[in-house]
Amino acid sequence: MAAFNPQARIAMLESALQSASRELHWANLTIQKREAQIRLLEERLRQRRIQVLGPHSETLSDLQLELLAEEEPSATGEEVEAEARREPLPQKPARERKPHPGRRPLPEKLPRVEQVIRCADANCKTCGAETSIIGYDESEVLDVEPARYFVRVTKREKRVCAACSKKGCVSIMMPELAPRIVEKGLASDAVVIQTVIAKYCDHLPLYRQQAMLEREAGVEIGRATLDGWVMRVGELLQPVVAVMRQDLLRASYLQADETTVPVQMHDRRGADHQAYLWHYGQPGGETVFEFQLGRGREGPRKFLGEWEGILQTDGYQAYDNIGGEKLVHVGCWAHARRKFVDAVKVNPKDGEAINMVTRMDALFLVDRHARQQQLSVEERLALRREHADSWATEIHDQCASLRKTALPKSALGQAVNYTLNMWSKLRRCFDYAEVELSNNLAENSMRPVALGRKNWLHVGSAQSGPKVAAILSVVESCRRLGVPVKDYLLAVLPGMAQRTLSQLAPLTPARWAASRN
């Protein structure tokens, strides 16, 4: 029988204890990992529910404002509420609420059609004597005449010289027709342009327009014919948009964005290809859409070439390493803020996310105040540096602190990582006077495309994509510049095919509008 060895027994027990401790440690780590995964899955589920059923507003609720006041006792209720509502700077006096101006008058540019209502009995009800007119009581209402379709019959004189006819030399004289958008087509220029405007301004697909023509005018026109009109307009506008692109590349500051657009490929797959419309625009100026089948870097690299200016985009990596060597890439604060708003939507009581949203709101308050005071871009930059510079530093420091505690894949963690990864580009907004804090102007130009996708569903072919992009470029540029798109198209499209390249420069929306003014 072996002798009892207490030291060996103790060593064995210590080994078993260490093994149990390691297993317990790994079990705790596994539990923590599972809990983190559960939290992430619950967060994603809440995000999905919010996307489908929740509000799309990016403002803070009353509950979140109360929580912010509790988290930050030094802030007064007025400051918190002002920042959340994006009012002027807290230290400035609040705007006085003006009384309601009442019913607005109808525009003076609209023609007036007078209707005089006469008294049925012109005699005095008291004595029976004839009364005299002392004035009129006037009231105005907006009225409309329904669209009236008619057939315009054009007759051209045909003349012949009788003297020459007797000599056997017959020469017929006849005036030439004015140039038209669709030569020898069934519709006038006005009808063609109305079809284009209805589709790309009012988002009416062609099959609905076809039904409207049949219902209101009794005219049956196939969708293929309507589509031919639209594509003809896009084809004529492509050279004008090429000139607009050259004008854009002369600017020192551009904003860019992209959005999807389905395209029929006619390859018997039965599925649309997801193509992209890339948008490039100058705030307050023209904008150009470019159609590309993919979302790769080749699109913006080809469009910008060696352009060396300030380019403002979101965090999409395809905008990196494009343009010339001196190109300055600037970020968008609205995208950073939106990610923290998403974190607040997932967890409405997340004080850290609410604090970050409010701090970023303060940045936008500076620009709003500058707009209200009608300051120049240089004065706005000075205001940014005076007020927003310290707030931006505070945002960076707080994000660096949150990165240590927030789960990387959580909504808050993704917002923090996005902001820190984009920080050098976000910080450049405070270095250039003309740069906006956000890329929202470019995003707003994409909204008509998103509305159109829900109605006309897709682009008919890959060859039609550049023509659609040309129409969208002109329509959106006219909207930005306040140019009536119908008047513009009626003025420039007829005879466009006969114009030389040197004649196209005055026909861009910006130059055409300037010549009218």
Side-chain angles (χ1 to χ4, degrees), residues 106-112 152 175-183 185 187-202 229-256 279-290 303-304 307 309 374 376-377 434 436 441-442 444-445 448 466-517:
L106 295 171
E108 293 293 333
K109 64 181 181 180
L110 291 178
R112 261 60 178 176
R152 185 182 299 277
E176 299 223 358
L177 283 171
R180 294 170 55 193
I181 297 174
V182 181
E183 296 292 345
S188 69
D189 293 345
V191 174
V192 172
I193 289 173
Q194 180 58 38
T195 304
V196 173
I197 292 175
K199 181 172 182 180
Y200 291 105
C201 292
D202 304 324
W229 298 349
V230 174
M231 290 299 101
R232 176 59 175 167
V233 171
E235 181 182 357
L236 292 175
L237 289 178
Q238 281 182 289
V240 177
V241 174
V243 177
M244 293 165 59
R245 173 182 174 270
Q246 295 174 2
D247 291 343
L248 277 183
L249 295 181
R250 295 189 186 99
S252 60
Y253 168 45
L254 295 179
Q255 294 180 333
H279 161 270
Y280 307 88
Q282 186 178 13
E286 293 177 336
T287 180
V288 172
F289 287 87
E290 187 182 38
F303 185 92
L304 295 175
W307 180 73
Q374 298 181 350
S376 65
V377 291
E434 66 269 34
E436 300 290 333
L441 289 173
N444 290 340
S445 295
K467 301 174 184 178
V468 172
I471 296 174
L472 290 171
S473 300
V474 169
V475 168
E476 178 60 20
S477 295
C478 287
R479 184 194 70 82
R480 282 191 172 196
L481 298 169
V483 175
V485 62
K486 182 178 180 180
D487 295 348
Y488 170 77
L489 294 177
L490 279 172
V492 304
L493 281 180
M496 180 70 76
Q498 286 75 41
R499 300 182 192 274
T500 62
L501 292 177
S502 60
Q503 295 174 323
L504 294 178
L507 300 182
T508 63
R511 292 196 179 97
W512 184 82
S515 65
R516 290 183 66 194
N517 295 332

Is any side-chain N of the basic residue among Glu476 and Arg479 closer than 4.0 Å to the acidic one's carboxylate O?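 Salt bridge: yes.
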Are Arg232 and Glu235 close enough, and set up right, to give a salt bridge (Lys or Arg N to Asp or Glu O under 4.0 Å), and what steps lead you there? CA-CA 5 Å; Arg232 176 59 175 167; Glu235 181 182 357; 3.6 Å; yes
About how many Å separate [atom2] of [Y] and [atom1] of [X], when rounded to the nearest 0.5 Å?
X	Y	atom1	atom2	result
Met244	Gln282	CE	CD	11.5 Å
Trp229	Thr195	CH2	OG1	5.0 Å
Met496	Leu504	CE	CG	6.0 Å
Leu304	Leu249	CG	CG	6.5 Å
Leu481	Thr508	CG	OG1	9.0 Å
Lys199	Ile471	NZ	CD1	7.5 Å

Has the side chain of [X] got a donor or acceptor atom that lies under 3.5 Å from a matching backbone atom of [Y]?
X	Y	result
Arg245	Val288	no
Arg480	Ser445	no
Trp307	Ala251	yes
Gln255	Pro283	no
Ser473	Phe289	yes
Arg112	Leu110	yes
Tyr253	Glu436	yes
Ser252	Gly309	no

Does Glu183 CD have over 12 foreign heavy atoms under 6.0 Å away?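 Yes - once you tally the heavy atoms of other residues, nucleotides and ligands closer than 6.0 Å, there are more than 12.
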Identify the heavy atoms of [X] and [Y] that sit nearest to each other, and give their distance.
X	Y	value
Gln498	Gln503	O-OE1, 4.2 Å
Arg511	Pro506	CB-O, 3.8 Å
Leu236	Ile181	CD1-CG2, 3.9 Å
Ala510	Glu286	N-OE2, 2.8 Å
Pro179	Pro494	O-CB, 3.6 Å
Val243	Ala505	CG1-CA, 4.0 Å

In the structure I gave you, are the side-chain heavy atoms of [X] and [Y] within less than 4.5 Å of one another anywhere?
X	Y	answer
Leu237	Leu489	yes
Asp189	Leu493	no
Val475	Pro448	no
Val241	Val474	yes

Between Trp512 and Tyr488, how do the two ring planes meet: parallel, tilted or perpendicular, split at 30° and 60°?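 Answer is perpendicular, since the angle exceeds 60°.
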